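Structure first, commentary second.
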Amino acid sequence: FKQEDFEDAPMFRLFLIGDEGYDQEHVVTRLVEIIEDCSEDNGAGYFKSAYQGGEAFIGKYPREIAETYAEQLIRSEPIIFMDVRDDKD
């Protein structure tokens, strides 16, 4: 497994979808727990962006990673809505 293999993987964009029912503390805590390198400040920023603009761009990841993050967050109680989009779209 070489670094180049990883870099050539198609990248997917991960978004937090805003919802008025969210509890900020819950959303930020889950983002920090699940997404590698996500600090509480990052999480609060994503929450604010999603709340104000309807969604927040979190980052680009290979498909498996983006989908795993999204799945884990969607399974949260209460749910946290996520979206994974092909970077080419």
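Start at 1 with the first residue, then count along the sequence. Only a predicted model underlies this, so the values are computations on that prediction, with no experimental measurement involved. Reckoned from all heavy atoms, side chains included, excluding hydrogens, waters and symmetry mates.
- Counting heavy atoms from C-beta outward, Pro10 and Arg63 have side chains that stay 4.5 Å or more apart.
- Residues satisfying the side chain to side chain donor-acceptor pair (under 3.5 Å) test with Glu71, not counting sequence neighbours, are Arg75.
- Smallest separation of non-hydrogen atoms from Ala44 and Gln24: CB-NE2, 3.9 Å.
- Not counting sequence neighbours, the partners of Glu33 by the salt bridge (charged side-chain N to carboxylate O under 4.0 Å, His left out) test are Arg30.
- If you take CG on Asp83 and CG on Leu14, they are separated by 8.5 Å, rounding to the nearest 0.5 Å.
- Although no hydrogens or angles enter the test, the distance criterion places no donor-acceptor pair under 3.5 Å between the side chain of Tyr46 and the main chain of Asp41.
- Annotation: side chain of Leu16 is in contact with side chain of Val27 (closest heavy-atom distance under 4.5 Å).
- At least one donor-acceptor pair closer than 3.5 Å links the side chain of Tyr22 to the backbone N or O of Phe81.
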List, one per line, each side-chain donor-acceptor pair under 3.5 Å for residues 48-59, sequence neighbours excluded.
residue: Ser49; atom: OG; partner: Gly45; partner atom: O; Å: 3.1
residue: Glu55; atom: OE1; partner: Arg85; partner atom: NH2; Å: 2.7
residue: Glu55; atom: OE2; partner: Arg85; partner atom: NH1; Å: 3.2

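- For Ser39, the side chain to side chain donor-acceptor pair (under 3.5 Å) criterion is met by Asn42, not counting sequence neighbours.
- With rounding to the nearest 0.5 angstrom, the OH atom of Tyr69 is 12.5 Å from the CD atom of Glu64.
- Residues forming a ring pair (Phe, Tyr, Trp, His ring centres under 6.0 Å) with Phe12 (at least two apart in sequence, or on another chain): none.
- Taking NE2 of His26 as the start and CG of Leu31 as the end, the distance is 9.0 Å to the nearest 0.5 Å.
- Nearest heavy-atom pair across Asp87 and Arg13 is OD1-CD, 3.3 Å.
- For Phe47, there are no ring pair (Phe, Tyr, Trp, His ring centres under 6.0 Å) partners, not counting sequence neighbours.
- Separation of atoms CD1 (Ile74) and CD1 (Ile17) is listed at 9.0 Å; rounding is to 0.5 Å.
- The line from CD1 of Ile35 to OG1 of Thr68 is 11.5 Å long, rounded to the nearest 0.5 Å.
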